[in-house]
Amino acid sequence: MKSEMVVEGEKFSSKNRVRADRTDELYADIPEGETLMKIEGLTVIYRSDDKETLAVDNLNLEVKKGELISIVGPSGCGKSTILRCIAGLLQPTRGTITIGDKPCTTAGSDRGMVFQDFALFPWRSVRSNIEFGLEVAGVPKEERHARSEKYLKAMGLQDFADARIHELSGGMKQRVGIARAMIMHPAVILMDEPFGALDAQTRNILQESLVNVLKNSHRTIVFVTHSVDEALFLSDRVIILSKRPATIFKIIDVPGERPRDRASPEFTTLRRDILDYLESQNVMFESEKK
């Protein structure tokens, strides 16, 4: 009889334990391109005193292993609510979310999070911020250092390994946040508008950096954004939500390999089509039409 794999921190010796910094190994038997995560009948109702607000209504979605999907939709439609449910930070009113056969009922190390506001430790160096999760998991110092070196280089931070967080620009801080999530090898990485607070040039640079990291890591990523351009540049599929209560209005398969040419006729046409879908839901992205 096959023993069930469990996640542990410092207890590395048992063959039936998976280290908390390698939870992607829990799903090693799921091939790339097959369904890794399922959202079934997700419904979220917020209650305040005698008022109820239906935020998400019977949402169903499957996410394949190794793909990056973006979720776009109007402000306040429920994008971040869905992400919080996946993260286990918010319990749905109805419905289930599973990764493999494991329910996402609480927060877990098989899901990593990248926040818009960086959420870094200002008293730690860049390297020690990136290594924080490994340190908590009890990973030996030598291994922590070797793995942080890899992600420092991948995110272009190798010259700032010993810098303090207050010495970094906003774009560099977000590079640290991405590296900190990636280094833990979670099964799914959740990104909640990670580039939303950055200027356009820095945003484009970080999008390209993320694409370069994805070439070698094959991570499964759920990415929330307001930018159709960003969603098309990064994603394998774009999930378009309706206005609140959130349902899936349309799913777009993005053709072509990354990196993509933003100026190509195909990219421009698809971008225009998605904006038309959004406008049909009374979602206006005037700045992106220009």
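For reference, positions follow the sequence shown, starting with 1.
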Using a cut-off of 6.0 Å, state whether more than 12 heavy atoms not belonging to [X] lie near its atom [atom1].
X: R260; atom1: CZ; value: yes
X: E257; atom1: CD; value: no
X: F267; atom1: CZ; value: yes

Acceptor/donor pairs from residues 36-47 side chains to any protein atom, 3.5 angstrom cut, sequence neighbours excluded:
from : atom 1 : to  : atom 2 : distance (Å)
T43  : OG1    : G41 : O      : 3.4
T43  : OG1    : N58 : N      : 3.0
Y46  : OH     : T81 : OG1    : 2.8
R47  : NE     : E52 : OE2    : 2.9

Ion pair check, [X] and [Y], cut-off under 4.0 Å:
X: D199; Y: R203; value: no
X: R84; Y: D192; value: no
X: K64; Y: E32; value: no
X: D236; Y: R258; value: yes
X: E131; Y: R144; value: yes

Any donor and acceptor pair, going by atom type alone, linking the side chain of [X] with main-chain N or O of [Y] inside 3.5 Å?
X: S235; Y: A231; value: yes
X: S264; Y: D261; value: yes
X: T220; Y: G66; value: yes
X: K65; Y: I30; value: yes
X: S148; Y: H145; value: yes
X: R111; Y: A87; value: yes
X: R271; Y: L232; value: no

So which atom in [X] and which in [Y] form the shortest heavy-atom distance, rounded to 0.1 Å?
X: P186; Y: M182; result: CD-O, 4.2 Å
X: I183; Y: R180; result: CG2-O, 3.3 Å
X: L168; Y: A163; result: CD2-CB, 4.2 Å
X: P74; Y: H226; result: C-NE2, 4.4 Å
X: T202; Y: G171; result: CG2-CA, 3.6 Å
X: S109; Y: T23; result: O-OG1, 3.0 Å

- Message: Just by distance, no angles: are the side chains of E230 and T225 close enough, under 3.5 Å, to form a donor-acceptor pair?
- Response: yes
- Message: Is it the case that the side chains of S125 and D162 hold a donor-acceptor pair, with the cut-off being a distance below 3.5 Å and no angle test?
- Response: no
Under 4.5 Å between any side-chain heavy atoms of [X] and [Y], yes or no?
X: P259; Y: E208; value: no
X: L134; Y: R147; value: yes
X: L210; Y: L206; value: no
X: V222; Y: I189; value: no
X: E25; Y: H185; value: no
X: V188; Y: I221; value: no
X: L59; Y: I82; value: yes
X: I97; Y: C85; value: yes

- N212: what forms a side chain to side chain contact (heavy atoms under 4.5 Å, CB included) with it, not counting sequence neighbours? K215
- Go through the steps for I165 and W123 under the test side-chain contact (heavy atoms from CB on, under 4.5 Å), then give the verdict. CA-CA 7 Å; I165 297 303; W123 60 89; over 6 Å; no
- Message: Both conditions, 6.0 Å and 45 degrees, for the charged tip of R262 above the ring of F233: are they met here?
- Response: yes
- Item | Steps toward salt bridge (charged side-chain N to carboxylate O under 4.0 Å, His left out) verdict (E135, R124) | CA-CA 13 Å; E135 185 178 333; R124 282 178 167 253; 3.3 Å; yes
State plainly whether one hydrophobic cluster holds both [X] and [Y], where clusters connect Ile, Leu, Val, Met, Phe, Trp and Tyr through side-chain heavy atoms under 4.5 angstrom apart.
X: L90; Y: I86; result: yes
X: F121; Y: V136; result: yes
X: I248; Y: L54; result: no
X: L152; Y: I205; result: no
X: L83; Y: I251; result: yes

Rounded distance (nearest 0.5 Å) linking atom [atom1] of [X] with atom [atom2] of [Y]:
X: I69; Y: E62; atom1: CD1; atom2: CD; answer: 11.0 Å
X: S169; Y: Q174; atom1: OG; atom2: CD; answer: 10.5 Å
X: M191; Y: I178; atom1: CE; atom2: CD1; answer: 5.0 Å
X: I239; Y: F223; atom1: CD1; atom2: CZ; answer: 14.0 Å
X: K173; Y: E167; atom1: NZ; atom2: CD; answer: 10.5 Å
X: R175; Y: S209; atom1: CZ; atom2: OG; answer: 4.0 Å

- Task: Assess whether side-chain contact (heavy atoms from CB on, under 4.5 Å) is satisfied between V213 and V211, documenting all intermediate values.
- Result: CA-CA 5 Å; V213 171; V211 166; over 6 Å; no
- Query: Are I252 and I240 close enough, and set up right, to give a side-chain contact (heavy atoms from CB on, under 4.5 Å), and what steps lead you there?
  - Reply: CA-CA 8 Å; I252 301 292; I240 305 169; 3.9 Å; yes
- Residue pair L275, R272: steps toward the side-chain contact (heavy atoms from CB on, under 4.5 Å) verdict: CA-CA 5 Å; L275 288 170; R272 176 67 265 172; 3.6 Å; yes
